[in-house]
Visitor: 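Dumping the structure here so I can ask a few things about it.
In this chain, numbering begins with 1 at the start of the sequence shown.
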Amino acid sequence: MHGIVIIVPVMHQQRSEPHLSPSSDTEDIVAILAPRLAYFAGVARTEHVTRAAQEMQVPQSTLSRAMVRLEHDLGVDLFARRGRTVSLTPAGRTFLSSVERALAEIERAADEVRADADPATGKVAFGFLHTMGSETVPGLIRAFRADHPRVRFSLVQNYGEAMIERLRSGELDLCLTSPVPDAPDLVARRLDEQKLRLVVPADHRLASRRRIRLAEAADETFVTLEPGYGLRRITDDLCQQAGFRPRVAFEGEEAETLRGLVAAGLGVALLPPPAVPRPGVVELTVTAPRAAREIGVAWLDGHPDTPPVAAFKRFLLSRRGNLLPN
């Protein structure tokens, strides 16, 4: 037998089995049609069921039944039959155009996710705090790429809570954040500690000091990050330990902007050390309470790692106690 003839019920006949209606849910349509689209494209390309079955290495009977069922579910004749060959109807040509685009997009997506998971050239989606973007993260990536030179990175700078949400949504693989999160759906590991300093204007009454107890700044105006930022929460907690609530004049989204506000004489701030010294400010060591923030790496619990993500995670964990530049 060199081919088979597909017999399709005539459209005006009553059909005993239900087919998709215009009101069917999109999810139902996709679930029913998706497995048959590649078969349809193969038959349409060869215009012969036998050749299509040979090319796709599936039994002719399987292919024939799939095409009959596809037409039945759509309620439309896609093929005109002439003996052992088939040709597309106008509806079939319309359908094929969209099917080819859909299959091409699926192939592109499959290629992309395979490329992202490649051990040598894959991608890591990595989030980190703004304060770690100028020096810490570039140094980490440079060191990692010494052994993994072709691994790619998608980098996201944001504040802690926003990055945690992006972890949960699957947009990030890993993030460096502070405080180290404690949540049942996350895994977090402490990597390092960063001391905070009281930053004051160069002409401030405290600028001649090298050390200070935070309580001595109780009457000062503070500039801080906005609520929701980890550093803002740490600032509020430290001031509370020192016995006062900070009087906040300005709130921002980035530490170096706050340094600029301090240099302009608009307040004082508790900040991590800058990558490059900023003129116009003096940075004082806080002796009490102990002013520091923990830096940790977090990821979604139970989320499988691709090889490049697993390699970068191991690298970060190996830098415990030596994460930050000296």
Visitor: Determine whether more than 12 heavy atoms belonging to other residues, nucleotides or ligands lie under 6.0 Å from atom CG of Asp182.
Guide: no
Visitor: Do you know the tightest heavy-atom contact between Ala91 and Asp77?
Guide: CB-O, 4.0 Å
Visitor: Kindly state each residue pair satisfying salt bridge (Lys or Arg N to Asp or Glu O under 4.0 Å) with at least one member in residues 266-278, sequence neighbours excluded.
Guide: none
Visitor: Only pairs at least two apart or in different chains count here, so list each ring-ring contact (aromatic ring centres under 6.0 Å, His included) that has a residue in residues 155-214.
Guide: Tyr159-Tyr229
Visitor: Name the atoms and distances for all side-chain donor-acceptor pairs under 3.5 Å in residues 253-277, with sequence neighbours left out.
Guide:
from, atom 1, to, atom 2, distance (Å)
Glu254, OE1, Glu256, N, 2.9
Glu254, OE1, Thr257, N, 3.1
Glu256, OE2, Arg259, NH1, 2.8
Arg259, NE, Glu283, OE2, 2.8
Arg259, NH2, Pro272, O, 2.5
Arg259, NH2, Glu283, OE1, 3.3
Arg259, NH2, Glu283, OE2, 3.1

Visitor: For Arg245, which residues count as a salt bridge (Lys or Arg N to Asp or Glu O under 4.0 Å) partner, sequence neighbours excluded?
Guide: none
Visitor: Can you pull out every salt bridge (Lys or Arg N to Asp or Glu O under 4.0 Å) where at least one residue sits in residues 265-275? Sequence neighbours excluded, please.
Guide: none
Visitor: So which pairs with a foot in residues 285-295 pass side-chain hydrogen bond (donor to acceptor under 3.5 Å, both in side chains), sequence neighbours left out?
Guide: Thr131-Arg293, Arg190-Glu294, Glu193-Arg290, Gln194-Arg293
Visitor: Test Leu238 against every option in Val286, Leu214, Leu198 by the side-chain contact (heavy atoms from CB on, under 4.5 Å) rule and name the one that passes.
Guide: Leu214
Visitor: Please work out which of the three classes, parallel, tilted or perpendicular, describes the rings of Phe128 and Phe126, given edges at 30° and 60°.
Guide: tilted
Visitor: Can you pull the salt bridge (Lys or Arg N to Asp or Glu O under 4.0 Å) pairs that have at least one residue in residues 165-174, sequence neighbours excluded?
Guide: Glu165-Arg168, Arg166-Glu171, Arg168-Asp185
Visitor: Just by modelled atom types, is the Val199 backbone N or O under 3.5 Å from a matching donor or acceptor in the Arg197 side chain?
Guide: no
Visitor: Under the rule for salt bridge (Lys or Arg N to Asp or Glu O under 4.0 Å), what residues qualify as partners of Arg51, not counting sequence neighbours?
Guide: none
Visitor: Among residues two or more places apart or on two chains, list those pairs meeting ring-ring contact (aromatic ring centres under 6.0 Å, His included) that have a residue in residues 168-194.
Guide: none
Visitor: Taking only distance into account, with no hydrogens and no angle test, what donor-acceptor pairs under 3.5 Å do side-chain atoms of residues 141-151 form with protein atoms, sequence neighbours excluded?
Guide:
from, atom 1, to, atom 2, distance (Å)
Arg145, NH1, Pro149, O, 3.4
Arg145, NH1, Val151, O, 2.5
Arg145, NH2, Pro149, O, 2.8
His148, ND1, Phe144, O, 3.3

Visitor: Can you tell me which residue pairs pass the salt bridge (Lys or Arg N to Asp or Glu O under 4.0 Å) test with a partner in residues 91-105, sequence neighbours excluded?
Guide: Glu105-Arg108
Visitor: Report all side-chain donor-acceptor pairs from residues 300-311 shorter than 3.5 Å, counting only partners two or more places apart or in another chain.
Guide:
from, atom 1, to, atom 2, distance (Å)
Asp305, OD2, Lys313, NZ, 2.6

Visitor: Given the side-chain rings of Phe250 and Phe222, with only the six-membered ring counted for Trp, is the space between their centroids under 6.0 Å?
Guide: no
